[in-house]
Amino acid sequence: MANVLGIVGGGLLGLGCGRLISERFQKTLMMACAVAVMFLGLTGTVKEMLEVGADGSLSLVGTNCMLASLIGGALLGEAIDLEDKMERFGIWLRRRTGSSGDTRFIDGFVTASLTVCIGAMAVIGSINDRLLSDPSVLFAKTVLDAVIVMIMTSTLGKGCIFSALSVGIFQGAIFLAAGFLEPVMTPAALKSLSAVGNILIFCVGTNLFGLPHVRVANLLPALVIAVVWVL
């Protein structure tokens with residue numbers, strides 16, 4: 001609940017800020033947001049996949065898992081077409097909220113939803129909250145999400161605020177299923193999930209930057225494959 005409220009609060013603040021700044025400043029803020037998201041994704045992936053040997057040499061680990069997860073996830077995701085379903089839900093939300101004239105609503109909703117839902121913090125935080133009564137990870141994520149959504153909303157509009165629904169559904173489902181997920185979420189599984197999840201976050205950043213569009217939602221099954229791979 002705190003995460004949902006944090007996103008709504010950050011989004012409303014960003015919506016107010018967005019009305020006060022010019023389009024030139026909004027574009028610069030969007031570029032800054034894109035760089036920040038890409039950097040978070042890149043550093044998160046490097047942290048999980050880069051190891052330092054006893055002799056000080058650097059090596060990449062988990063590359064086979066990463067390749068299998070992304071390729072397999074892409075095939076499954078395209079077959080299910082998750083991105084199209086998210087966009088349709090965004091269209092429904094836009095209509096229900098009387099925002100039919102907002103051309104950025106769907107892009108804002110999908111982009112913000114992917115940014116705040118993907119990643120190990122959402123999974124770990126929800127499991128810890130349910131099984132250990134420890135909401136500290138979710139509280140930390142709440143602060144991060146509020147800032148990210150505030151910046152996104154100032155440039156992409158109010159569609160970003162409705163990413164709170166995505167977070168509520170996603171993290172709520174993990175919270176309820178935590179008893180079943182606990183045996184599966186071993187340290188190795190969480191490490192693999194974090195590595196692949198951060199790659200997807202990096203892809204979200206490239207979309208914000210205006211590079212060739214990556215259908216990130218259709219890569220989400222990669223997260224499941226990343227966990228299963230190391231079991």
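Linking Ile, Leu, Val, Met, Phe, Trp and Tyr whenever their side-chain heavy atoms come within less than 4.5 Å leaves Leu176 and Ile169 in two separate clusters. Residue Phe209 is grouped with residue Val204 when hydrophobic side chains (ILVMFWY) are merged at heavy-atom distances under 4.5 angstrom, including chains of intermediate members. By the rule that hydrophobic residues join a cluster once side-chain heavy atoms approach within less than 4.5 Å of another member, Val216 and Val35 end up as members of one cluster. Under the 4.5 Å side-chain contact rule for hydrophobic residues, Val224 and Val230 do not share a cluster.
Residues that satisfy the side-chain hydrogen bond (donor to acceptor under 3.5 Å, both in side chains) test with Thr111, not counting sequence neighbours, are Asp107. Looking at residues two or more places apart in sequence or on another chain, you find a side-chain hydrogen bond (donor to acceptor under 3.5 Å, both in side chains) between Ser166 and Ser113. Under the ring pair (Phe, Tyr, Trp, His ring centres under 6.0 Å) criterion, Phe202 pairs with no residue, sequence neighbours left out. Take Glu83 and apply the salt bridge (charged side-chain N to carboxylate O under 4.0 Å, His left out) test, not counting sequence neighbours, and it matches no residue.
Note that the CG atom of Leu223 and the CG atom of Leu193 stand 5.5 Å from one another [nearest 0.5 Å]. Atom CG of Leu12 is separated from atom CD1 of Ile7 by 12.0 Å, given to the nearest 0.5 angstrom.
Among residue pairs with one or both ends in residues 41-50, those qualifying as salt bridge (Lys or Arg N to Asp or Glu O under 4.0 Å) are Glu48-Lys191; sequence neighbours excluded. The list of side-chain hydrogen bond (donor to acceptor under 3.5 Å, both in side chains) pairs with a residue in residues 222-231, not counting sequence neighbours, is empty. Listed by first and then second residue, the salt bridge (Lys or Arg N to Asp or Glu O under 4.0 Å) pairs involving residues 219-231 amount to none (not counting sequence neighbours). Judged as a salt bridge (Lys or Arg N to Asp or Glu O under 4.0 Å), not a single pair has a partner in residues 155-168 (not counting sequence neighbours). The list of salt bridge (Lys or Arg N to Asp or Glu O under 4.0 Å) pairs with a residue in residues 212-231, not counting sequence neighbours, reads Glu78-Arg215, Asp81-Arg215. The ring pair (Phe, Tyr, Trp, His ring centres under 6.0 Å) analysis of residues 78-97, with sequence neighbours excluded, yields the pairs Phe89-Trp92, Phe89-Phe109.
Members clustered with Leu76: Ile225, by chain and number, using a 4.5 Å side-chain heavy-atom cutoff among hydrophobic residues.
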* Report the C-alpha distance between Leu15 and Ile161 in whole Å, list the side-chain angles of each, state the deciding distance to 0.1 Å, and finish with yes or no for side chain to side chain contact (heavy atoms under 4.5 Å, CB included). => CA-CA 9 Å; Leu15 192 62; Ile161 300 174; 4.3 Å; yes
* Apply side chain to side chain contact (heavy atoms under 4.5 Å, CB included) to the pair Leu114 and Met86, showing each step before the final yes or no. => CA-CA 10 Å; Leu114 290 171; Met86 284 191 71; 4.1 Å; yes
* **CA sep, side-chain torsions, deciding dist, call: Ser194, Asn198, side chain to side chain contact (heavy atoms under 4.5 Å, CB included)** => CA-CA 6 Å; Ser194 180; Asn198 278 296; 3.2 Å; yes
Cut-off 3.5 Å, no hydrogens considered: what does the side-chain donor-acceptor table look like for residues 66-75, sequence neighbours left out?
{"unit_1": "Ser69", "atom_1": "OG", "unit_2": "Cys65", "atom_2": "O", "d": "2.7"}
{"unit_1": "Ser69", "atom_1": "OG", "unit_2": "Ala226", "atom_2": "N", "d": "3.3"}

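Using a 4.5 Å heavy-atom cutoff, the side chains of Val196 and Val227 are not in contact. Side-chain contact check for Leu165 versus Leu93: some heavy-atom pair is nearer than 4.5 Å.
A donor-acceptor pair under 3.5 Å links the side-chain atoms of Asn218 to the main chain of Leu82, judged by distance alone.
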